[in-house]
There are 2 protein chains.
Amino acid sequence: MPKTNVPDVVIRRLPLYLRCLTYMAERGHKVVSSAELAKWVGVSSAQIRKDLSFFGEFGKQGWGYEVSYLRDQLQRILQADRDWFIALVGAGALGHALINYRTFERWHFHIAAVFDNDPQKVGTPLGHLLVQPMEEMRHTIQERNIQIGILAIPAEHAQQVAEQLVECGVRAILNYAPINLSLPPGIRVAHIDPVSSLQSMTFYL
Amino acid sequence: MPKTNVPDVVIRRLPLYLRCLTYMAERGHKVVSSAELAKWVGVSSAQIRKDLSFFGEFGKQGWGYEVSYLRDQLQRILQADRDWFIALVGAGALGHALINYRTFERWHFHIAAVFDNDPQKVGTPLGHLLVQPMEEMRHTIQERNIQIGILAIPAEHAQQVAEQLVECGVRAILNYAPINLSLPPGIRVAHIDPVSSLQSMTFYL
DNA sequence: GCGTGTGAAACAATTCACAGCG
DNA sequence: CGCTGTGAATTGTTTCACACGC
């Protein structure tokens with residue numbers, strides 16, 4: 001697998017292409033040119049061709065790309081053609097929203113366990129799951145083949161819980177807590193921080 | 001104001017610096033070097049010095065930066081020292097989580113109105129607000145000095161509602177819907193898409 | 001002819017390394 | 001002496017432009 005030498009900035013664009021192609025395929029769109037796809041995604045056509053060229057030749061000259069074929073190839077590259085199981089930590093309002101976010105299921109991401117340190121919440125239902133105590137994390141993560149963690153907890157606990165998740169075998173973390181995590185190399189971290197997003201917009205207003 | 005010629009990638013890092021400095025100031029940390037700040041934020045010390053140099057000279061040689069002074073300067077640059085009023089569109093589970101997200105208030109972002117097109121939801125309380133019908137958008141946005149919109153609605157309505165917000169005078173949109181918005185130049189858009197974030201991590205697993 | 005795939009060119013961002021100041 | 005601020009060097013990314021194949 002060509003996991004190295006492909007710039008991360010390219011990898012972060014592939015999901016956008018995949019999403020657009022999936023919508024197109026659903027609407028019966030058979031063929032697409034890089035220029036057309038570019039217009040939908042909001043990048044340049046040359047960029048799309050360059051990005052794809054890291055992984056192979058998926059188009060036909062003078063014609064374009066077959067939508068469903070390119071979609072399948074991107075799914076394969078991103079490993080979006082298989083199921084992923086997720087441990088959610090934090091059963092607050094955000095955890096509730098995430099459990100009910102149907103878009104995860106649609107893309108093969110399954111929240112397979114929820115943990116919280118609040119004894120009041122442990123044992124109560126959250127969506128289709130029961131909230132579990134933190135002590136059960138190791139066992140459940142291994143048993144349910146969980147490789148991804150989502151942190152939906154206050155910033156002050158995030159670093160410690162992240163380390164705990166890694167300890168239990170999690171290799172990628174989606175962090176909703178407004179704090180920078182420092183974790184061993186090899187552990188992937190993505191950060192969702194609406195305040196930072198808003199602040200970098202207010203600069204321009 | 002030097003809104004041009006500063007690369008956007010720099011602007012997107014400033015909120016990280018600001019957050020870290022604010023935490024440090026709260027803990028009584030008086031002075032910080034670029035190397036120390038870099039370690040917390042997870043970037044290089046040279047990068048921090050270069051980024052700051054776009055806006056002025058905030059440090060003392062051989063000594064470092066005064067935490068509270070640098071914090072204040074970043075607040076000013078990002079306009080994080082004033083209040084911002086937000087219109088939330090979508091009163092579902094995500095809208096509920098956002099209304100209850102205390103971190104917005106802490107950084108001077110105030111959700112000042114909630115809209116939904118579901119007649120069942122209109123008139124019901126969401127946090128400290130009542131859900132309003134879409135028809136009241138124009139009036140409320142102008143009345144309450146709202147400049148920012150948050151989209152917490154399904155993808156199929158996002159483009160149309162975004163245009164409506166812009167029509168009403170909103171100049172920045174935080175989009176939680178998994179679709180690319182195309183809006184007039186001058187309108188800022190930030191996109192929060194957990195599925196894309198997850199997919200760009202699963203590539204590496 | 002049309003649109004892909006791709007080297008080469010242009011542009012952008014980051015790191016280096018050090019003069020200069022407190 | 002230590003750390004900032006900053007040109008210069010390096011590294012990374014995007015755009016250009018065109019040969020090639022359908």
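The structure displayed is predicted, hence computed values, not measured ones. Residue numbers begin at 1 in each chain, while the letters A, B, ... track the order of the sequences. Values below: every heavy atom of this structure, side chains too, minus hydrogens, waters and symmetry copies.
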_By the 4.0 Å heavy-atom rule, please label B:S34 as base, sugar-phosphate, or nothing._
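It contacts sugar-phosphate atoms only.
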
*Under 6.0 Å from the CD atom of B:E143, do we count more than 12 heavy atoms belonging to anything else shown?*
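Yes, the 6.0 Å shell around CD holds more than 12 heavy atoms from other groups.
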
*Hey, is CZ on B:R82 packed in by over 12 heavy atoms from elsewhere, all under 6.0 Å?*
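Result for CZ/B:R82: enclosed.
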
Which whole-number value in Å describes the distance from [X] [atom1] to [N] [atom2]?
X	N	atom1	atom2	answer
A:I48	C:dT4	CD1	C1'	12 Å
B:F54	C:dA12	CZ	P	12 Å
B:D51	C:dT15	CG	P	10 Å
A:K50	C:dG3	NZ	C1'	16 Å
A:Q47	C:dC11	CD	P	16 Å
A:F55	C:dT6	CZ	P	13 Å
B:I11	C:dA13	CD1	C1'	14 Å
A:D8	C:dT14	CG	P	13 Å

_Once side chain to side chain contact (heavy atoms under 4.5 Å, CB included) is applied, do any residues pair with B:Y23, and if so which ones, sequence neighbours excluded?_
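Applying side chain to side chain contact (heavy atoms under 4.5 Å, CB included) to B:Y23 gives A:A155, A:P178, A:I179, B:R19, B:E26, B:R106.
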
*For A:A190, what residues pass the side chain to side chain contact (heavy atoms under 4.5 Å, CB included) criterion, not counting sequence neighbours?*
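Scan of A:A190 (side chain to side chain contact (heavy atoms under 4.5 Å, CB included), adjacent residues dropped) gives A:L174, B:S197, B:M201.
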
_For B:H110, ring pair (Phe, Tyr, Trp, His ring centres under 6.0 Å) partners two or more places apart_ =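 Ring pair (Phe, Tyr, Trp, His ring centres under 6.0 Å) check on B:H110 returns B:F85.
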
_By nearest heavy atom, map A:W63 and A:P7 onto DNA chain D; which one lands nearer the 5' end?_
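Closest to the 5' end, via its nearest nucleotide, is A:P7.
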
*Under-4.0 Å salt bridge between B:D8 and B:R12*: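 B:R12 and B:D8: salt-bridged.
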
Taking the side chain as C-beta and beyond, is there a heavy-atom pair between [X] and [Y] under 4.5 Å?
X	Y	result
A:L52	A:L74	yes
B:I99	B:H128	yes
B:L21	B:Y65	no
A:L151	A:L165	yes

*Could you give the start and end, 5' to 3', of the contact zone on DNA chain D for chain A, using atoms under 4.0 Å from its heavy atoms?*
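In short, chain A contacts DNA chain D from D:dT13 to D:dC22.
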
Under 3.5 Å between N/O atoms: give me all the protein pairs with nucleotides 17-22 of chain C, atom names plus distance.
| from | atom 1 | to | atom 2 | distance (Å) |
| --- | --- | --- | --- | --- |
| C:dA17 | N6 | B:R49 | NH2 | 3.2 |

*Taking only side-chain nitrogens and oxygens of B:S44, does any of them come within less than 4.0 Å of OP1 or OP2 of C:dT14?*
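B:S44 to C:dT14 OP1/OP2: no side-chain N or O under 4.0 Å.
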
_Given DNA chain C, 5'-ward residue of the pair B:V9 and A:S45, judged by closest heavy atom_ =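 Going by which nucleotide is closer to the 5' end, it is A:S45.
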
*Terminal axis angle for the helix from C:dG1-D:dC22 to C:dG22-D:dC1, five pairs an end, nearest 10 degrees*: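 Inter-axis angle at the ends, rounded: 10°.
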
*Looking only at heavy atoms, which two atoms of B:A38 and B:S45 are closest? And how far apart?*
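Shortest heavy-atom separation between B:A38 and B:S45 comes out as CB-N, 3.6 Å.
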
*Compute whether any side-chain donor of one residue and acceptor of the other, for A:H29 and A:E36, lie under 3.5 angstrom apart.*
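Yes - a donor-acceptor pair under 3.5 Å links their side chains.
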
